[in-house]
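Being a predicted model, the structure only gives us computed values, none of them experimental. For ligands, and for the atoms within them, numbers begin at 1 and follow the listed sequence. Counting begins at 1 with the first residue of the sequence. Any value given below was found using the heavy atoms of this structure, including those in side chains, with hydrogens, waters and symmetry copies removed.
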Amino acid sequence: MLVSSALTALLALSPALSLVSAAPSKQVDKPNIVFIIVDDQDARQNTIDTMPRLQRLLVDEGTKFEKFYAPISVCCPSRTSFLRAQCAHNTNITSVMPPWGGWTIFNEKGYNGHWLPTFLQKAGYYTSYVGKLMNGHSVPTFETLEAQGWDGKLSRYHAFLLDPYTYDYWNPAFSKGSSGKGVEYRPGEYSTDLVAEKGLDLLEKAAQSDKPFFVGIAPIAPHSHIDAASHSDRTIPPLFDIPRPHPRHAHLFQDVTLNYSRASHNPDVPSGASWVRQLERLNDTNVKYIEDFYRGRLQSLQAVDELVEGVVKKLEELGKLDETIIIYTADNGFEANGGHRRQPGKTLGYEEDINVPLVVRGPGVPHTIDTTSVYSLADLGATILHLAGAESDYDHDGALVPLTQDLRDQVKEEGGAKQFHLAEYWVEGVGEGKYGSGINHVNQTYRTIRVVEGDSIDYAYTVWCTGEREIYNMQTDPDQMDNLALHSHSPLSFTGRLHARLDALLLVLKNCVGDVCRDPWATVFPEGGVKGLSDALNEEYDQYFEELPRVRYSHCQIGYFQALEKPFWRDELAYSPQHYAASGSQVVLGA
Ligand SMILES: *[C@@H]1O[C@H](CO)[C@@H](O)[C@H](O)[C@H]1NC(C)=O
Ligand SMILES: *[C@@H]1O[C@H](CO)[C@@H](O)[C@H](O)[C@H]1NC(C)=O
Ligand SMILES: *[C@@H]1O[C@H](CO)[C@@H](O)[C@H](O)[C@H]1NC(C)=O
Ligand SMILES: *[C@@H]1O[C@H](CO)[C@@H](O)[C@H](O)[C@H]1NC(C)=O
């Protein structure tokens with residue numbers, strides 16, 4: 001906690017992008033990769049600051065990325081975007097359940113076998129995994145739809161957590177690695193500890209192979225606890241309950257409170273948009289419950305903190321620490337502060353829901369905090385492929401995250417770090433906690449973009465299926481309480497001009513594929529010259545942006561349907577200096 005805030009304070013004094021405190025060890029060709037992915041950990045509520053081992057062994061020894069995002073704020077879709085290095089609008093895995101998503105739909109779409117592990121195998125990697133893969137990977141489906149691309153299968157410890165036991169902290173069930181057949185039930189044992197134990201054994205097994213290895217370790221903390229029996233009973237919606245700690249951690253954080261000073265905490269006036277704006281203020285009982293929920297999250301993360309230490313120690317013991325990149329991240333964020341009067345949960349486009357931790361340590365990784373470059377889990381998938389010398393068998397959407405010094409140099413040469421993110425959502429919002437479970441929210445189709453450019457620009461922009469729009473200046477309003485789109489503004493005011501640019505960027509990103517996702521401004525300005533929002537804000541483009549069609553949805557419907565999302569970007573819309581030179585820019589746009 002202290003370490004991280006001290007560094008943050010230091011950074012606040014320095015306008016530099018980052019603080020490189022020590023020369024990184026040399027980059028390794030085809031490094032081993034240990035990928036630790038937790039479930040539902042946000043980066044906004046200081047949760048990783050309460051993990052001292054992670055701070056000491058990963059943050060202090062590597063790079064922490066502060067502007068790292070989920071492409072879609074829900075588990076299986078976000079994991080799919082990572083595993084395929086694609087935006088959610090290209091995977092069309094948009095929910096945890098059929099017909100929109102889940103393991104069966106992932107298979108129907110032919111993604112099993114065309115995803116990260118198979119590409120890594122083809123590049124010569126030994127691949128293995130323990131823990132949660134994705135929703136719907138279950139006792140009935142894991143053998144009929146066997147996950148492809150994993151070598152470790154015949155290791156005793158290679159094991160997927162299986163639904164409906166996945167979120168039951170004290171009643172986990174795993175696929176059996178040794179025989180490849182059958183289920184290993186472990187009632188009464190603590191899920192995260194078993195994932196840790198199996199993960200360390202997997203590392204030993206992987207180190208014995210003569211190949212570089214990729215080992216995925218995916219504990220469920222700090223996800224809500226879901227009792228296995230209630231999860232399999234389809235007649236009543238399951239209770240997404242307070243995450244369960246191990247008894248050795250249950251005494252911790254008793255005096256931690258919610259952050260009552262945050263402007264978004266249970267505000268007097270409604271905030272946000274769509275159904276969020278209709279929420280009643282939370283009563284005291286409810287706020288206390290959310291506080292207990294938050295404590296449960298912190299407590300449940302302590303077993304993960306121990307897991308992280310175990311991984312570092314094991315790699316050291318195996319003599320592999322210097323040639324292994326360790327990555328720590330989460331599939332999506334989480335709101336647990338009564339923000340905007342909400343119950344605990346994810347699935348929205350607010351910063352809590354999409355901003356996730358990313359910490360990396362290993363050969364060639366600088367010791368630094370990166371506060372400005374903006375990347376996503378889809379980019380991280382692409383970067384792992386790149387580090388491994390692997391390739392996808394389709395045109396993926398990911399950009400290279402500057403994890404290592406070599407990658408930083410490369411990214412710099414190629415025009416600089418990515419400065420925007422697209423977060424998307426369709427289908428329904430999922431309620432969690434005692435007062436939220438079973439309440440699924442319709443009218444929850446939206447797209448959010450985040451744009452961060454150096455010290456001058458930090459905006460969030462959302463367009464909803466309801467027609468609502470939200471613009472927040474994240475520098476002055478990090479809690480997203482003052483929606484600039486609701487202020488009356490003329491097209492020529494700063495807000496009007498900003499709005500038009502943000503909308504144009506979203507128009508390009510919402511259907512982007514491949515290079516367009518990596519460099520959308522080059523699509524808007526094919527002749528170059530405009531590299532980001534600050535360039536685009538130049539007045540000479542006012543008329544151009546004002547005339548572009550606006551992003552909209554014809555109405556809200558459950559599911560991702562192109563027909564509702566017209567207009568789309570067309571290359572004829574791109575900026576042409578000739579056109580604007582000819583027509584002149586003195587057209588009065590009206591106040
Ligand atoms: C609580 O929120 C306030 C306002 O955003 C912030 O200044 C403060 O650092 C937060 N406190 C903690 C302990 O995170
Ligand atoms: C507080 O709010 C919750 C959730 O809306 C409700 O179920 C509960 O009855 C309320 N409790 C009191 C004491 O008003
Ligand atoms: C959904 O949004 C429409 C406007 O697009 C509104 O008429 C309707 O009442 C909303 N439904 C709910 C359940 O909020
Ligand atoms: C996404 O998948 C759903 C469910 O199969 C389908 O109805 C929808 O048309 C698909 N959307 C797109 C844009 O492909």
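For atom 5 (O) of ligand 4, the closest non-hydrogen atom of the protein is P99 O, 3.8 Å. The protein atom (non-hydrogen) at minimum distance from atom 4 (C) of ligand 1 is S261 O, 4.0 Å. Residue, atom and distance of the protein heavy atom nearest to atom 13 (C) of ligand 2 are T285 OG1, 3.7 Å. Nearest protein heavy-atom neighbour of atom 7 (O) of ligand 4: F561 CE2, 3.4 Å.
Proximity to N46 (heavy-atom distance under 4.0 Å) selects the following atoms of ligand 1: 14 (O). Residue Q562 approaches ligand 4 through these ligand atoms, each under 4.0 Å from one of its heavy atoms: 13 (C). Ligand-side atoms of ligand 1 in range of R262: 1 (C), 2 (O), 5 (O), range being under 4.0 angstrom from any heavy atom. Taking a cut-off of under 4.0 Å to the non-hydrogen atoms of W100, the atoms of ligand 4 that pass are 3 (C), 4 (C). Shown in contact with N286 at under 4.0 Å from a heavy atom are these atoms of ligand 2, numbered in order with element: 4 (C).
Checked by atom type, the side-chain pair E468/T466 shows a donor-acceptor distance below 3.5 Å. Using a 3.5 Å distance cut-off with no hydrogens or angles, the side chains of Q41 and Y328 do pair a donor with an acceptor. For the residue pair W426 and E565, a side-chain donor N or O sits within less than 3.5 Å of a side-chain acceptor on the partner. Between the side chains of D379 and Y69, no donor-acceptor pair of N or O atoms lies under 3.5 Å. Counting only N and O atoms by type, the side chains of Y294 and N337 include no donor and acceptor under 3.5 Å apart.
Between K346 and E432, at least one side-chain N (NZ, or NE/NH1/NH2) sits under 4.0 Å from a carboxylate O, which counts as a salt bridge. Between R79 and D39, at least one side-chain N (NZ, or NE/NH1/NH2) sits under 4.0 Å from a carboxylate O, which counts as a salt bridge.
For ligand 2, none of its N or O atoms has an N or O atom of Q343 under 3.5 Å away. Among the atoms of N259, some N or O lies under 3.5 angstrom from an N or O of ligand 1. At least one N or O atom of Y560 sits closer than 3.5 Å to an N or O atom of ligand 4. Among the atoms of N92, some N or O lies under 3.5 angstrom from an N or O of ligand 4.
Between the choices D284, L279, N283, the shortest heavy-atom distance to atom 6 (C) of ligand 2 belongs to N283.
In this structure, R84 satisfies the cation-pi test against Y394, with its NZ or CZ atom closer than 6.0 Å to the six-membered ring centre and inside 45 degrees of the ring normal.
Within a 4.0 Å radius of atom 9 (O) of ligand 2, the protein contributes no non-hydrogen atoms.
Other residues, nucleotides and ligands contribute only 12 or fewer heavy atoms inside 6.0 Å of the CD atom of E391.
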Practice task
For F160 and F142, run ring pair (Phe, Tyr, Trp, His ring centres under 6.0 Å): C-alpha distance rounded to whole Å, both residues' side-chain angles, the deciding distance at 0.1 Å, then the answer.
Solution key: CA-CA 9 Å; F160 297 109; F142 83 101; 8.2 Å; no

